[in-house]
Protein chains: 2
Amino acid sequence: MRNPPATLTDIARLAGVSKMTVSKVLNNQPGVSRETYKQVMEIAQRLNYTPHYAARKLAGGKTNIVGMVVPSMESSFVSEVVHGAGKALEEAGLDLLLFTDHLNYPQERMFSVSRGLADGLLLVIPRSLERYDHPQLRAQLPIVVVEPLNQKGSLPVVCAENYLSSRKVVEHLLALGHHRIGMIGGNPKVKSSHLRLQGYRDALSAAGLPVNEQLIRPGDFTQMRGFAAANELLNLKEPPSAIFAANDVAAFGAYDAIKNHGLRIPEDLSVVGFDDIFQAAQVFPPLTTVHQPAFEMGTAGTRLLLSMIQGLEPAVNHLELPTELVIRASTGPYRGPQTV
Amino acid sequence: MRNPPATLTDIARLAGVSKMTVSKVLNNQPGVSRETYKQVMEIAQRLNYTPHYAARKLAGGKTNIVGMVVPSMESSFVSEVVHGAGKALEEAGLDLLLFTDHLNYPQERMFSVSRGLADGLLLVIPRSLERYDHPQLRAQLPIVVVEPLNQKGSLPVVCAENYLSSRKVVEHLLALGHHRIGMIGGNPKVKSSHLRLQGYRDALSAAGLPVNEQLIRPGDFTQMRGFAAANELLNLKEPPSAIFAANDVAAFGAYDAIKNHGLRIPEDLSVVGFDDIFQAAQVFPPLTTVHQPAFEMGTAGTRLLLSMIQGLEPAVNHLELPTELVIRASTGPYRGPQTV
DNA sequence: TTGTATGCGTTATCAT
DNA sequence: ATGATAACGCATACAA
């Protein structure tokens, strides 16, 4: 066997046909006689031919590779999405080109590589969607976004049900007998924050309960602000018997505040979070929270992308996947008014 | 902005120079006057130019992408190696093309894509190295192997110290007062099995103890065989007071056998494994074992690969990284002869 | 310092 | 059913 890999030309020469015919054979295209087909295949095999993907892509073909942009792989959300996408890709026989978009990663590099080497792009971005919503790129390459925050944008997005999940949380607390339920909001710049808040409001209203604005405290998804907001709630004349934080991290802040007040979870106060990050199961007491279907978001996003690569218009522009309320030890039955 | 992305030709036309000059400017090559440089850069920026990587690769350039072949990402060993590699790549500004080489994944596809799209290939293969040791591919692309089994082959390999690790294990048991130490071997087809066994022998000899061949039982890395081997050891007239299994899974088999005999770990019998797979910390009692430096193997392998991509000969053809003995609850002091 | 010519391996278009 | 030709976008070698 020679050093330089065999090319279409090599096969064509040996088979006594044109490159074009060889190309057709190798791509299972119609318009080739059984005989030449067989002969070409044989020679290709003997020469151990494999196509050169750069050349193929350059000439307008597909590579069967999809690019995937993620922030650091450390996050459990991200790594689950990657797994999910990996499964969908595996089934379809595609491979994965992974961009870890850390700070000061040259963004144009990612665009450039994707356009040149991949057939489509999956954006997994917990935050800052605008940063990626680039009209030029969209015109050149099918793109799908997977993200947990229900951000708006012109790209097809796969996310999780925020509104309904939030209602489920409040209904869970109501079922436990809580009627004064505090809410720590999320970053108001993000759509999911509003959805989660609206779910809270509507669940209360649906239960015939008033919505007490004093019990609603603004937040920003940080633990520090969660701590402060919980303190505000605990210092009310009539503090709540349960607190729903718009994300787990803020809930951890609430944990701190509650413990600082000498109160116990869930005996004195129930707490619920949102996201089900890894630490949610590790803290004490383990946090009741809403599990984001990261794996499924990965598979769903990938399948949507694959269909777009096939040339189909995206079936949906906004896909919301159902979540699951994970009931752990931070929520318990209402035990009467608090004495602070 | 036009729909089709800007190319070198576009820039050249607008700048009134040749493609070649533009190429030089964009690649920071010498031989361009400051003026034309500035002008070209300006236009490139205005046109939002990004290079087409397929074209670049086809023309002999680099893509700054390295391919990585892994079996399913489920294994903690693999995912740690991926993280380690990711870090090294991130530092160097490269990206990762990931192949999940599941059963019936067309292997030629992976070769083909790598050759065409990547600058180098990192093989992470817990088993069956021969399957990948393909002379043709090696000639076309720098390749480095990361694997835990010390397999032999013509490719540069990064693995872990097996011999010394094994000695450390036995020394740990000796320090606890054990002198009859049973050994459950690994798959004899694999070099690491022999190294681990040799470490066992030499550690005993170095301590002035005889090597009792009865205490050495063949194994094959499976839990079932570990179970059987441990039974053989326990049924000896003079059973050992400690068992060293050549891998964690076999150690779990030994756990079963020991418990079946009504013995306790570590009170009646100490057990040590090898690998530190995820479950090692989950079983009861948590298993003392040798931790494979997966993350470091990933970074080291990547760095070696990067140097080869630079055109350097591999500094070493076989890199062994130190391991760490993780002492958990499955080993304890010797408490006198066993009564079975 | 700058430009020209050529080729990388494949696919698309259009002809035969 | 098969083939000739051009084109994809870039880099290399060499010439001016």
Side-chain angles (χ1 to χ4, degrees), chain A residues 2-41 44 47-65 111-119 140-141, chain B residues 2-40 44 47-64 111-117 119 140-141 311:
Chain A
R2 275 295 192 303
N3 227 7
T7 71
L8 281 191
T9 315
D10 298 332
I11 301 179
R13 191 161 17 81
L14 282 178
V17 297
S18 76
K19 290 196 296 186
M20 210 37 236
T21 306
V22 177
S23 175
K24 279 182 184 162
V25 169
L26 264 25
N27 292 341
N28 277 318
Q29 286 180 16
V32 181
S33 76
R34 280 209 88 38
E35 267 188 55
T36 51
Y37 178 92
K38 232 188 66 181
Q39 197 197 0
V40 166
M41 276 308 248
L47 257 49
N48 233 309
Y49 171 82
T50 62
H52 192 299
Y53 277 84
R56 175 176 284 182
K57 181 72 178 179
L58 185 57
K62 294 203 184 311
T63 56
N64 286 337
I65 290 176
F111 288 172
S112 188
V113 173
S114 300
R115 162 170 79 86
L117 264 34
D119 296 336
Q140 297 169 26
L141 204 65
Chain B
R2 276 296 192 300
N3 227 6
T7 72
L8 282 192
T9 315
D10 297 334
I11 301 179
R13 193 161 16 81
L14 282 179
V17 298
S18 78
K19 290 198 296 186
M20 203 38 237
T21 306
V22 177
S23 175
K24 277 184 185 161
V25 170
L26 263 26
N27 292 341
N28 277 319
Q29 286 180 17
V32 181
S33 75
R34 279 209 88 41
E35 266 191 54
T36 52
Y37 178 92
K38 234 189 63 180
Q39 196 196 2
V40 167
L47 256 49
N48 232 308
Y49 171 83
T50 62
H52 191 299
Y53 276 83
R56 176 176 283 187
K57 180 73 177 178
L58 187 56
K62 295 203 184 311
T63 56
N64 286 338
F111 287 173
S112 189
V113 173
S114 300
R115 165 169 76 88
L117 263 36
D119 295 337
Q140 298 170 25
L141 204 66

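First the proteins, then the strands, lettered A, B, ... as listed; each starts at 1.
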Using only side-chain N and O atoms of [X], determine if any of them is under 4.0 Å from OP1 or OP2 of [N].
{"X": "A:Arg56", "N": "C:dT11", "result": "yes"}
{"X": "A:Ser23", "N": "C:dT11", "result": "yes"}
{"X": "A:Thr7", "N": "C:dG9", "result": "no"}
{"X": "A:Thr36", "N": "D:dA1", "result": "no"}
{"X": "B:Thr9", "N": "D:dG9", "result": "no"}
{"X": "A:Thr21", "N": "D:dG3", "result": "yes"}

What integer distance in Å separates [X]:[atom1] from [N]:[atom2]?
{"X": "B:Asn27", "N": "D:dT12", "atom1": "CG", "atom2": "P", "answer": "8 Å"}
{"X": "B:Asp10", "N": "D:dC8", "atom1": "CG", "atom2": "P", "answer": "10 Å"}
{"X": "B:Lys19", "N": "C:dG7", "atom1": "NZ", "atom2": "C1'", "answer": "11 Å"}
{"X": "B:His52", "N": "C:dT11", "atom1": "NE2", "atom2": "C1'", "answer": "13 Å"}
{"X": "B:Gln29", "N": "D:dT12", "atom1": "CD", "atom2": "C1'", "answer": "9 Å"}
{"X": "B:Leu117", "N": "C:dG9", "atom1": "CG", "atom2": "P", "answer": "14 Å"}
{"X": "A:Leu58", "N": "D:dA6", "atom1": "CG", "atom2": "P", "answer": "17 Å"}
{"X": "A:Tyr53", "N": "D:dG9", "atom1": "OH", "atom2": "P", "answer": "21 Å"}

Which heavy atom of [X] sits nearest to which heavy atom of [Y], and what is that distance?
{"X": "B:Val40", "Y": "B:Ala15", "answer": "CG2-CB, 4.2 Å"}
{"X": "A:Leu58", "Y": "B:His52", "answer": "CD1-CE1, 4.2 Å"}
{"X": "B:Asp10", "Y": "B:Pro5", "answer": "OD2-O, 3.9 Å"}

Under 4.0 Å, counting only non-hydrogen atoms across every strand here, what does B:Tyr49 touch: a base, just sugar-phosphate, or nothing? sugar-phosphate
Any base atoms under 4.0 Å from A:Leu8, or only sugar-phosphate, or nothing? Heavy atoms, all strands.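 Base contact.
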Given [options], which nucleotide is nearest the side-chain atoms of [X]?
{"X": "A:Ser18", "options": "D:dA4, C:dT4, D:dG9", "result": "D:dA4"}
{"X": "A:Ala59", "options": "D:dC8, D:dG3, C:dG3", "result": "D:dC8"}
{"X": "A:Lys24", "options": "D:dG9, C:dG3, D:dG3", "result": "D:dG3"}

Looking only at N and O atoms, is any donor in the side chain of A:Lys57 or the base of C:dT10 less than 3.5 Å from an acceptor on the other one?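 Answer is no: no donor-acceptor pair is held.
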Run A:Leu26 and A:Leu8 through side chain to side chain contact (heavy atoms under 4.5 Å, CB included) and show every step you take. CA-CA 9 Å; A:Leu26 264 25; A:Leu8 281 191; 3.7 Å; yes
If you assign B:Gly60 and B:Met20 each to the DNA chain C nucleotide with the nearest heavy atom, which residue ends up on the more 5' nucleotide?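 Looking at the nearest nucleotide for each, B:Met20 comes out on the 5' side.
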B:Ala55 or B:Gly16: which one's nearest nucleotide on DNA chain C is closer to the 5' end?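 Of the two residues, B:Gly16 wins.
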Looking at A:Ala118, is its backbone amide N or carbonyl O close enough to the side chain of A:Lys57 to form a donor-acceptor pair, meaning the two atoms are under 3.5 Å apart?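 Checking the backbone N and O of A:Ala118 against the side chain of A:Lys57, a donor-acceptor pair under 3.5 Å is found.
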Whether A:Arg56 side chain and B:Gly116 backbone form a donor-acceptor pair below 3.5 Å: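 Here the side-chain-to-backbone pair does not exist.
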